[in-house]
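As structure tokens, the structure follows; a few thoughts come after it.
This one's a predicted model, so the numbers in the text were calculated from it and none came from an experiment. Start at 1 and go down the list; that is how both ligands and their atoms are numbered.
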Amino acid sequence: ASNQMWGGRFASGPAAIMEAINASISFDKKLYTQDIRGSIAHSEMLAQTGIISAEDQKKIAEGLNTILSEIEAGTFEFSARLEDIHMNIEARLADLIGPSAGRLHTARSRNDQVALDFRLWVKEELQRTANALVGLIEAFLDRAEEHAATVMPGFTHLQTAQPVTFGHHCMAYVEMFARDLSRVRDAIRRMDESPLGAAALAGTGFPIDRQMTAKALGFREPTRNSIDSVSDRDYALEFLSTAAICATHLSRLAEEIVIWSTPQFGFIRLSDQFSTGSSIMPQKKNPDAAELVRAKTGRVNGHLIGLLTVMKGLPLAYSKDMQEDKEAVFDAAETLDLMVAAMTGMVRDMTINTAAMKKAAGSGYSTATDLADWLVREAGLPFREAHHVTGRAVALAEEKKLPLERLALTDLQAIDSRINDSIFDVLSVNASVKSRSSFGGTAPQEVRRQTRYWRKRLKQG
Ligand code: ARG
């Protein structure tokens, strides 16, 4: 049999393989609440503007609410023959209320309908993501306050560079995830327009009120071009690109957690809740959750490239290609939600081994820059010369297998006679971090200032 929605000019139904490639119900059923909300708002507007009768509207709204409860109760029968969520719901509406159902689709097309439903869904997901990111940022702020003065090695090339504080390192992640949060909020602001009423692509001759439906559905305003309204998937691409950047940040964090939790580093211990054992090696405690966050980034990034590639050759306006937008976004959303939640748990629960961090912070001549800075400040050397003198001190320390602060003053003076006793004030890791009090630097007082700043910013929303 031909399709009951659009089968007027068709003599026969689709080949089985056509149905299989064409149907999207298996995944777009996720849009049922958005579809029903959109249809109710559309019907109310149609009644308000006199395009359909109040009686028809009442039947339509009641029928749609019945369908909502059927879907939620799990009794609704989805059919691949009816292609997608829009036609599944409309066909059921006709079963329930008869011919009045046919009036719902006046002045509307599935093209603006799906654009609306998907926008509503992506907007809600962006809001969920924003809330989750606030939770992650707060977890880092708590750890940063707790460890504002805990010294650890700072790295470049994964080699000990200069001492920093663990609080400062946490605040680096606060900055990253706060940028992700601001990208999410920008995306919401940009996509906050209703495409409903664009119809197939050209608008409609019916006297519809697009302001009214936009407002009823919580959008700032209606979109301004009917062709763009049904062609645009920027909001999905922006969600995916924002998600990909955020996932990339989560992956870098995951990598650090994997490194820090190795017995070789021993900087942190993951809680039992976020690690697993080995089935053969009893001594192991593996950072599986962190590794999976690192790995799932590949999926999220892949979905971004996938949808960019779907969209790149499409002429305006709608093409069925665009049906391929949904699985990418749904999977990226589910994956990202899980990643942020797992990371928030890990950050909150991990134990910080302050002794191991401090020990590592002092190894590898990490205060060599402090020695050079002292020579510049106290002895008036040009930095390049100070760098050279310090290099000789490091070579001597290496030869004597001593940390810099344990070198004898006479040995240091043999390298440069302008060195005096007060050099030892700057060679300890605590003195080193304390001295780096420039704006945004690692000094504990500066870290505390930055945590206060972000607490306040987060409250402002
Ligand atoms: N299932 C379709 C999609 O997801 C709905 C829009 C169909 N419109 C059309 N003209 N075939 O894109």
Under 4.0 Å from one or more heavy atoms of Q323, ligand 1 contributes atoms 1 (N), 2 (C), 3 (C), 4 (O), 12 (O)
Nearest protein heavy atom with distance in Å, relative to atom 8 (N) of ligand 1: N111 OD1, 2.9 Å
Run the side-chain hydrogen bond (donor to acceptor under 3.5 Å, both in side chains) check on R252 and H249 step by step: do they pass? CA-CA 5 Å; R252 293 180 76 173; H249 290 157; 5.9 Å; no
How are the rings of Y173 and H169 set to each other: parallel, tilted or perpendicular (split at 30° and 60°)? tilted
Ring-plane angle category for F177 and F140, please: parallel below 30°, perpendicular beyond 60°, tilted otherwise. parallel
Close approach of K326 to ligand 1, heavy atoms, under 4.0 angstrom: yes
To which protein heavy atom is atom 5 (C) of ligand 1 closest, and what is the distance rounded to 0.1 Å? D84 OD2, 3.4 Å
Begin with the C-alpha distance, continue with both residues' side-chain angles, and end with the deciding distance and a verdict on salt bridge (charged side-chain N to carboxylate O under 4.0 Å, His left out) for R455 and D142. CA-CA 10 Å; R455 291 269 185 218; D142 287 349; 2.7 Å; yes
Verdict with supporting geometry, E70 and R92, salt bridge (charged side-chain N to carboxylate O under 4.0 Å, His left out): CA-CA 10 Å; E70 288 176 352; R92 178 65 185 143; 2.6 Å; yes
Minimum-distance protein heavy atom relative to atom 11 (N) of ligand 1: R110 NH2, 3.7 Å
Heavy atom of the protein closest to atom 3 (C) of ligand 1 (residue, atom name, distance): Y318 OH, 3.2 Å
What atoms in ligand 1 come closer than 4.0 Å to a heavy atom of S24? 1 (N)
Let's go through E175 and R457 carefully: what are the C-alpha distance in whole Å and the side-chain angles of both, what is the deciding distance for salt bridge (charged side-chain N to carboxylate O under 4.0 Å, His left out) to 0.1 Å, and is it a yes or a no? CA-CA 12 Å; E175 295 286 333; R457 269 282 295 265; over 6 Å; no
